[in-house]
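Beneath this line is the structure, given in structure tokens, with notes to follow.
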Amino acid sequence: MRVVVVEDDAGMAEAVIDGLREHGFGAVDHLSHGLDLLTSYTAYDAVILDLGLPDLNGYLVLRQLRKVSDIPVVVLTAEGDESAVVSCLRAGADDYMVKPPRIGELAARLESITRRWRAAEPEQAVVVSGDVTVNLTTRSIEVAGEPISLTQKEFAVCRVLVEHVGVPVGRDKIITEVWGARTPPNSRSLDVHMGALRAKLNRPGLIVTIHGFGYRWSR
Ligand code: CA
């Protein structure tokens with residue numbers, strides 16, 4: 001897998017590249033300008049994209065990139081820049097991390113989203129997160145070895161999250177997949193079902209809220 005780090009801060013780029021190599025990513029390239037990515041993205045399997053770039057800011061790079069490619073992109077943001085995170089997720093970023101990123105976590109997230117991107121692989125039917133096991137084929141969930149009972153809609157909400165393990169999923173996407181496109185995107189139904197699902201799972205932190213965007217099933 002070839003990864004490219006788009007970052008103009010040489011020290012930050014070096015730290016990320018060295019860290020990824022230590023985590024087994026053999027081919028990691030460096031670009032310091034956004035426009036360079038737009039002419040070379042086909043050479044890569046995943047992108048780590050800084051938002052503060054000297055020529056074209058990362059958000060605009062991402063929007064241009066998404067017109068031509070669905071390559072996995074992890075955005076690096078400054079701490080506290082929540083509105084930028086939400087904009088990037090809406091523009092098609094697969095994930096984000098606050099700088100300086102914990103490299104082990106960055107590596108895990110890269111592996112997760114690129115695994116999903118290789119669409120040739122069949123969907124994973126059983127997802128195990130800690131002591132929670134979700135079987136999408138039999139539509140069953142076990143917590144600490146005990147089956148729990150979900151309504152049809154609760155399971156549907158759970159399914160959308162589990163199908164994107166480790167990746168933020170927008171509220172609009174969940175609502176469209178569970179209730180269909182005609183439901184108003186501000187539907188409170190999602191909050192109700194999410195609350196019930198969380199209560200039944202009883203595993204705080206398993207479903208992470210991303211304020212202003214949606215949710216993520218942590219692994
Ligand atoms: Ca920068």
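Just so it is clear, the values below take in all heavy atoms, side chains as well, and ignore hydrogens, waters and symmetry mates. Note that ligands are numbered from 1 as they come in the structure, with each ligand's atoms numbered from 1 the same way.
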### Task
Mind checking ring-ring contact (aromatic ring centres under 6.0 Å, His included) for H164 and listing every partner two or more places apart, or none if nothing turns up?
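Listed in chain order: nothing, the list is empty.
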
### Message
At less than 3.0 Å, how many protein N/O/S atoms surround the Ca ion (ligand 1)? Leave waters out.
### Response
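N, O or S atoms of the protein closer than 3.0 Å: 4.
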
### Query
Between R216 and D94, is there a salt bridge with N-O shorter than 4.0 Å?
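Result for this pair is no, no salt bridge flagged.
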
### Message
Whether R203 and D131 form a salt bridge (side-chain N of Lys/Arg under 4.0 Å from carboxylate O of Asp/Glu) is what I want to check.
### Response
yes

### Task
Decide yes or no for I174 and L161: does some side-chain heavy atom of the first lie under 4.5 Å from some side-chain heavy atom of the second?
yes

### Task
Would you mind reporting whether M12 and D50 have side-chain heavy atoms less than 4.5 Å apart?
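Side chain of D50 against side chain of M12, heavy atoms only: no contact under 4.5 Å found.
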
### Task
Check the side chains of S189 and W179 for a donor-acceptor pair under 3.5 angstrom, ignoring hydrogens and angles.
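The answer is no; no qualifying pair exists.
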
